[in-house]
J.: 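Submitted below is the structure of interest, expressed as structure tokens.
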Amino acid sequence: MRSKYQPFTAPDPPNPTDMKTTHLFNKAAILLPVFALMLGGCTKEQQEQLKPTAELQMEYAVIPFTVDSGGVAGELQLTLNFDGNALGQLLTDNGYSLSQLKEFRFTKAQLHLTTPATGNYDLLHSISLQLGLGSGQPVTVADLDPVPDGAQTLVMSLGDVNVAEIIRDSNVQLVVKAQLDGPMPAFSEHSLDLGAKVVVQP
């Protein structure tokens with residue numbers, strides 16, 4: 001005679017891996033709608049700020065220039081041969097485009113007097129570097145006021161200014177402006193060393 005009672009069999013213990021996976025799916029199911037709501041409530045600008053960014057360091061080739069200004073006193077202004085395509089090349093080499101550029105800030109601006117070899121910048125009272133486009137208002141990116149006595153190299157103070165909108169144009173101009181305490185030598189040679197931080201948004 002067969003018993004109507006079936007033997008009791010304990011259920012298998014829960015698999016910890018299955019529990020963890022279920023827990024992660026539950027958490028994701030909760031967080032994804034929350035994140036979507038957050039994005040939905042943000043402006044376009046705020047959504048852009050939430051996207052990840054990448055940072056590149058840029059070193060410009062040294063920019064040499066000559067000042068032929070015997071008898072010039074007061075103010076000196078020079079437009080340098082600035083490579084406006086260097087930034088685009090850097091971005092291309094790293095897999096980015098100019099449209100992804102979000103920030104460009106100069107991190108180094110050093111001016112060196114190369115000729116005459118025994119000369120210095122004592123005749124300069126102050127100096128500034130400005131970046132601009134055509135007839136638009138230029139932006140000062142570095143300056144030094146006053147110029148220290150006896151210096152052959154000037155390490156300029158950097159303004160924490162984002163010039164991405166200007167620098168992405170290949171026709172950008174870099175201008176040196178200097179206030180003089182007296183006449184400059186008839187002939188002098190200089191070199192400008194620039195570095196920058198470039199931030200892109202992939």
Side-chain angles (χ1 to χ4, degrees), residues 55-94 98 101 103-200:
E55 184 176 309
L56 305 172
Q57 298 300 320
M58 182 171 189
E59 293 289 331
Y60 277 92
V62 173
I63 304 172
F65 63 97
T66 299
V67 178
D68 188 0
S69 59
V72 174
E75 183 177 276
L76 178 68
Q77 179 171 322
L78 295 170
T79 300
L80 303 185
N81 292 323
F82 184 68
D83 186 359
N85 295 311
L87 173 61
Q89 188 61 54
L90 172 76
L91 294 176
T92 299
D93 291 346
N94 285 276
L98 282 170
L101 178 66
E103 291 184 33
F104 187 101
R105 301 176 191 273
F106 283 99
T107 56
K108 179 174 65 173
Q110 298 181 358
L111 185 64
H112 309 278
L113 178 63
T114 55
T115 303
T118 58
N120 57 49
Y121 283 113
D122 282 0
L123 292 176
L124 292 187
H125 176 74
S126 63
I127 187 168
S128 65
L129 291 180
Q130 294 185 335
L131 211 63
L133 289 172
S135 59
Q137 185 67 28
V139 175
T140 299
V141 295
D143 60 8
L144 187 60
D145 184 8
V147 171
D149 292 338
Q152 284 186 304
T153 294
L154 303 182
V155 179
M156 299 188 203
S157 300
L158 299 163
D160 186 23
V161 55
N162 181 11
V163 292
E165 291 301 320
I166 298 176
I167 200 73
R168 62 163 46 99
D169 194 305
S170 61
N171 295 316
V172 63
Q173 292 183 332
L174 183 65
V175 176
V176 175
K177 285 187 175 182
Q179 290 291 331
L180 309 179
D181 284 334
M184 295 244 343
F187 179 84
S188 58
E189 293 181 325
H190 312 260
S191 62
L192 180 62
D193 193 8
L194 297 173
K197 179 182 76 172
V198 179
V199 177
V200 293

J.: Once you round to the nearest 0.5 Å, how far does CD of Gln77 lie from CD of Gln179?
T.: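 These two atoms lie 10.5 Å from each other.
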J.: Any side-chain heavy atom of Leu78 sitting closer than 4.5 Å to one from Val175?
T.: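 Leu78 does not reach Val175 side chain to side chain.
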J.: Shortest non-hydrogen contact from Leu158 to Ala142?
T.: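 Shortest heavy-atom contact: CD2-CB, 3.9 Å.
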J.: Would a distance-only check, ignoring hydrogens and angles, find a side-chain to backbone donor-acceptor pair under 3.5 Å from Gln152 to Ala117?
T.: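 Yes, Gln152 side chain to Ala117 backbone: donor-acceptor pair under 3.5 Å.
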J.: Identify the two heavy atoms, one from Ser191 and one from Val62, that lie closest to each other, and give their separation to 0.1 Å.
T.: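 Reported closest heavy-atom pair: CB-CG1, 3.5 Å.
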J.: Among Leu174, Leu98, Leu101, Val198, which one satisfies side-chain contact (heavy atoms from CB on, under 4.5 Å) with Ile167?
T.: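 Among Leu174, Leu98, Leu101, Val198, the one meeting side-chain contact (heavy atoms from CB on, under 4.5 Å) with Ile167 is Leu101.
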J.: Can you tell me if Gln57 and Glu59 form a side-chain donor-acceptor pair at under 3.5 Å?
T.: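 The criterion, which ignores hydrogens and geometry beyond distance, is not satisfied for Glu59 and Gln57.
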J.: Roughly how far, to the nearest 0.5 Å, is NZ of Lys177 from CG of Leu129?
T.: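 Here the rounded value is 11.5 Å.
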J.: Grab the two heavy atoms, one from Val172 and one from Gly84, that are nearest each other, plus how far apart they are.
T.: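 Looks like CG1-CA, 4.1 Å.
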J.: Over all heavy atoms of both residues, which pair between Pro148 and Asp122 is shortest? Give the atoms and the distance, please.
T.: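 Answer, listing the atom of Pro148 first, then Asp122: O-OD1, 4.2 Å.
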J.: Decide yes or no for Leu131 and Val161: does some side-chain heavy atom of the first lie under 4.5 Å from some side-chain heavy atom of the second?
T.: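 In short, these two side chains do not touch, never coming nearer than 4.5 Å.
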J.: Would Leu56 and Leu91 count as a side-chain contact (heavy atoms from CB on, under 4.5 Å) if you check the C-alpha gap in whole Å, the side-chain angles of each, and the deciding distance to 0.1 Å?
T.: CA-CA 9 Å; Leu56 305 172; Leu91 294 176; 4.0 Å; yes
J.: Quick check: do Met58 and Phe104 have side-chain heavy atoms less than 4.5 Å from each other?
T.: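 Result yes, sub-4.5 Å side-chain heavy-atom pair found.
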J.: Within the structure provided, determine whether Leu180 and Leu124 are in side-chain contact (heavy-atom separation under 4.5 Å).
T.: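 Sidechains of Leu124 and Leu180: in contact.
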J.: Is the shortest heavy-atom distance from the side chain of Tyr121 to the side chain of Leu111 under 4.5 Å?
T.: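 SC-SC contact between Tyr121 and Leu111 confirmed.
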J.: Kindly compute the distance separating CZ (Arg105) from CG (Asn162), expressed to the nearest 0.5 Å.
T.: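 One gets 4.5 Å once the value is rounded to the nearest 0.5 Å.
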J.: Say you draw a straight line from CZ of Phe187 to OG1 of Thr66; how long is it, rounded to the nearest 0.5 Å?
T.: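 Rounded to the nearest 0.5 Å, the CZ-OG1 separation comes out at 4.5 Å.
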J.: Drop me the distance from Gln173's CD to Ile166's CD1, to the nearest 0.5 angstrom.
T.: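 Those atoms lie 11.0 Å apart.
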J.: Of all heavy-atom pairs between Lys197 and Thr107, which one has the smallest distance, and what is that distance?
T.: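 The answer is N-CG2, 3.7 Å.
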J.: Taking all non-hydrogen atoms of both residues into account, name the closest pair between Ser128 and Thr140 and its distance.
T.: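 Taking every non-hydrogen atom into account, CB-CG2, 4.3 Å.
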J.: Is a side-chain N or O of Ser170 found less than 3.5 angstrom from the main chain of Asn85, in a donor-acceptor match?
T.: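 No: the side chain of Ser170 does not pair with the backbone of Asn85.
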J.: Below 4.5 Å, heavy atoms only, C-beta onward: do Phe82 and Leu194 meet side chain to side chain?
T.: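 Result yes, sub-4.5 Å side-chain heavy-atom pair found.
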J.: Would you say the side chain of Met156 lies within less than 4.5 Å of the side chain of Asp143, judging by non-hydrogen atoms?
T.: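 When only atoms from C-beta onward are counted, Met156 and Asp143 do not touch, as no gap falls below 4.5 Å.
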J.: Rounded at 0.5 Å granularity, tell me how far OG1 in Thr79 sits from CZ in Phe65.
T.: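 Result: 11.5 Å between the selected atoms.
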J.: Taking atom CG as the centre, does Asn81 end up with more than 12 heavy-atom neighbours from other residues, nucleotides or ligands that are less than 6.0 angstrom away?
T.: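 Incorrect, the count does not exceed 12.
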